Asker: 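If you scroll down you'll find the structure; I have some questions about it.
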Amino acid sequence: MRPTVAGFAAALVVTAGCTLPAFAPRTETEGEAAAPGTAPTWRACPEVPDDLVGRGAPGMRYDCARIAVPRNWGNGATTGATAGPGSGETFQISLIRARSTKQHDRIGSLVINPGGPGASGVDTAVYLSFGPAFGGLPAEITDRFDIVGFDPRGVSRSSPVKCISDADLDASFGYDPDPASQASFDGFVALNRKVGKGCGDKYGDQLPLYGTEQAARDMDAVRAAVGDEKLTYLGYSYGTLLGATYAQLYPQRVRALVLDGAVDPQQKLIAGSESQAKGFERAFNNFAQWCAANAGRCPIAPDARAAVTTAIDKARVSPVRGANGREATSGWVFYAIISSLYTESGWQELARAIERLQGGDPTEVFKLADAYAGREDDGHYSNLFDANLAVNCADETEKPTRKQIRQLQSQWREKYPLFGPSLAVGMLGCVEWPGQRDPYPTGKAVGAPPIVVVGTTGDPATPYEQTAALASMLGVGRVLTWEGEGHTAYPQTACVTAAVDAYLISLTVPREGLRCPAR
């Protein structure tokens with residue numbers, strides 16, 4: 001999703017449905033990258049699934065490769081920019097290919113992007129290879145496609161951006177989500193300014209090169225590297241923006257795109273932030289209603305909103321200290337709430353976490369918040385949030401003033417009491433970010449085939465209203481609706497799965513207005 005809550009700690013971990021680990025390796029994959037325009041050398045890499053989940057999926061083989069791409073594609077150049085920062089230099093893009101031993105009648109590769117921006121496509125391809133029993137792709141897909149994940153430029157194993165310290169990330173996540181006093185607000189401004197300066201000092205005029213349009217051009221290099229004449233793609237959340245940008249740049253090279261958890265590319269920073277405030281508030285209301293109707297499963301019933309609000313207020317003045325001395329400040333409690341709303345299965349976890357926090361045990365709060373943050377037990381973070389800021393701020397042209405943000409914080413507190421203030425101050429991340437901007441295109445994908453745009457009515461992070469907006473902008477979008485809860489839909493129910501599978505395999509476009517029930 002786009003920049004959201006609490007400044008630079010405003011990304012998200014969007015693997016499929018946000019149910020998978022977000023931790024990325026601390027070092028890049030070894031091996032030489034193929035030069036631009038040349039075929040990559042694939043090597044067996046069973047160590048990747050071993051490191052992530054302890055084993056590979058039964059009947060799956062994993063191969064890895066790296067390709068080199070121009071840092072600056074400049075004016076669509078195929079071998080590097082003719083001018084500007086990064087000219088003649090390259091980034092290395094890491095790929096993984098999961099191929100079933102039962103594969104037959106191969107169609108080609110299904111390229112995956114899990115969103116963020118900042119989440120690892122390599123990791124996600126591994127997780128999705130484990131099949132429906134683990135929330136992965138159905139055999140109908142893995143039997144016909146190679147599953148190809150790539151880490152976009154700046155992410156995880158692909159020339160990663162790393163310029164935010166673990167201490168500053170801890171400070172941001174732990175910060176009051178609604179810094180009401182002027183002193184508290186100014187402190188948060190200073191923290192974001194410090195982060196922006198550190199990243200600017202390290203990367204300078206290279207910062208705009210991490211934008212979405214550059215990454216979409218990289219994706220065409222990925223398509224060529226796997227040997228496909230046209231791209232078949234599954235993008236979640238921010239991955240829908242990446243896919244939409246690709247469709248505008250290369251409409252004739254699109255075979256099939258599934259864009260699940262749609263981002264409206266035409267929304268600027270303020271409108272997008274308010275949209276998310278509304279989406280999270282709606283999702284929390286759905287959780288609270290479930291809680292009231294399921295008291296036996298929700299220990300903070302009947303008034304979940306009051307319980308959660310009280311927990312945040314208490315954490316502001318007297319945070320519960322864990323066994324290791326770590327304090328569950330209001331920020332950490334808030335991020336536990338955010339984390340739990342990405343899937344309906346997280347609702348019961350949230351209720352249990354708040355109940356245990358009331359009893360003096362913050363363990364479950366930290367578990368939820370750390371899963372969102374990509375924070376490991378030793379306090380180390382992946383580069384998810386570094387990359388998230390670099391990409392989002394390179395893309396974003398709107399730059400509200402601090403005074404505007406302060407006003408919106410107050411206004412949105414009235415409209416969206418739990419999430420509005422944090423979504424307002426979250427805009428400080430890009431406001432304090434240095435570097436030029438490089439906005440992506442927002443127009444029709446003229447000449448592209450039909451593109452399936454999937455939306456979930458209860459989605460907090462990419463609210464359902466954005467689905468039709470993206471489909472309309474592209475001009476060739478076909479909306480598929482899931483009347484469910486949580487972030488992203490495929491492959492969670494039989495109806496959604498059948499529609500998407502038919503499109504990916506046979507190019508059968510879902511019928512106009514198809515709505516799939518929650519269960």
Side-chain angles (χ1 to χ4, degrees), residues 1 4-6 8-26 51-54 114-124 126-128 130 134-136 155-156 164 166 169-170 172-174 177 236-238 261 280 283-284 287 308 311 315 320 322-324 326-357 361-388 419 422 459-461 485-488 492:
M1 72 190 201
T4 61
V5 282
F8 64 87
L12 61 60
V13 180
V14 162
T15 48
C18 200
T19 59
L20 303 170
F23 306 137
R26 299 189 186 185
D51 289 345
L52 290 171
V53 294
S120 167
V122 171
D123 292 2
T124 303
V126 170
Y127 299 134
L128 292 178
F130 275 79
F134 299 94
V155 174
S156 189
I164 309 176
D166 292 340
L169 283 165
D170 266 350
S172 181
F173 279 109
Y236 292 103
S237 195
Y238 164 79
F280 275 103
F284 186 85
F287 156 70
V308 166
V320 176
N324 61 356
R326 184 180 172 193
E327 292 187 339
T329 64
S330 58
W332 289 113
V333 176
F334 179 78
Y335 278 102
I337 300 162
I338 288 283
S339 178
S340 69
L341 295 179
Y342 277 85
T343 62
E344 190 172 0
S345 62
W347 292 359
Q348 196 166 4
E349 294 179 62
L350 173 60
R352 185 171 59 247
I354 297 299
E355 179 200 30
R356 292 184 178 177
L357 184 68
D361 180 6
T363 305
E364 296 299 313
V365 163
F366 287 135
K367 179 181 176 182
L368 282 170
D370 288 354
Y372 176 91
R375 187 185 193 274
E376 300 177 21
D377 290 341
D378 62 1
H380 176 76
Y381 289 82
S382 72
N383 88 315
L384 170 64
F385 289 92
D386 310 68
N388 179 270
F419 301 97
S422 189
D459 193 324
E485 299 292 339
H487 186 43
T488 75
Q492 297 197 48

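Not measured: the values here are computed from a predicted model. FYI, side chains are in, hydrogens and waters are out, and symmetry mates aren't considered; it's all heavy atoms of this structure.
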Asker: If I compare all heavy atoms of Leu52 with all of Tyr127, which pair ends up nearest, and what's the gap?
Answerer: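 The pair with the smallest heavy-atom distance is CD2-OH, 3.7 Å.
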
Asker: Between atom OG of Ser382 and atom CG of Asp123, what is the distance when rounded to the nearest 0.5 Å?
Answerer: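 It comes to 9.0 Å.
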
Asker: Using side chain to side chain donor-acceptor pair (under 3.5 Å) as the criterion, list what pairs up with Asp51, not counting sequence neighbours.
Answerer: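 Listed in chain order: nothing, the list is empty.
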
Asker: Output the distance between atom CZ (Arg352) and atom NZ (Lys367), rounded to the nearest 0.5 Å.
Answerer: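 Between Arg352 CZ and Lys367 NZ, I get 7.0 Å after rounding to 0.5 Å.
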
Asker: Show the nearest heavy-atom pair for residues Ile164 and Asp386, with the distance to one decimal.
Answerer: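 That would be N-OD2, 2.8 Å.
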
Asker: From Trp347 CH2 over to Phe284 CZ, what is the distance, rounded to the nearest 0.5 angstrom?
Answerer: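 It is 10.5 Å, given to the nearest 0.5 Å.
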
Asker: Classify the ring geometry between Tyr372 and Phe385 as parallel (under 30°), tilted (30 to 60°) or perpendicular (over 60°).
Answerer: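 Aromatic pair Tyr372/Phe385 classed tilted.
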
Asker: Are the side chains of Phe334 and Phe419 in contact, using a 4.5 Å heavy-atom criterion?
Answerer: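 Answer yes - side chains close enough.
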
Asker: Which value, rounded to the nearest 0.5 Å, describes the distance between Phe366 atom CZ and Arg375 atom CZ?
Answerer: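 Output value for this atom pair is 8.0 Å.
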
Asker: Between OG of Ser422 and CD1 of Ile338, what distance do you get to the nearest 0.5 Å?
Answerer: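 So the gap between those two atoms works out to 7.0 Å.
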
Asker: Please give me the minimum heavy-atom distance between Gly261 and Thr488, naming the atom from each residue.
Answerer: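 Shortest heavy-atom contact: CA-CG2, 4.4 Å.
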
Asker: Please report the closest heavy-atom contact between Ala387 and Val155, naming both atoms and the distance.
Answerer: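 Answer, listing the atom of Ala387 first, then Val155: CB-CG2, 3.9 Å.
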
Asker: Over all heavy atoms of both residues, which pair between Pro177 and Ser330 is shortest? Give the atoms and the distance, please.
Answerer: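 Taking Pro177 first and Ser330 second, the nearest heavy atoms are CD-OG, 3.4 Å.
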
Asker: Do the rings of Tyr335 and Phe173 sit parallel, tilted or perpendicular, given the 30° and 60° boundaries?
Answerer: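 Taking Phe173 first and then Tyr335, their aromatic rings stand perpendicular (interplane angle over 60°).
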
Asker: Find the distance between CD (Glu376) and CG (Asp166) and round it off to the nearest 0.5 Å.
Answerer: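 That separation rounds to 9.0 Å.
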
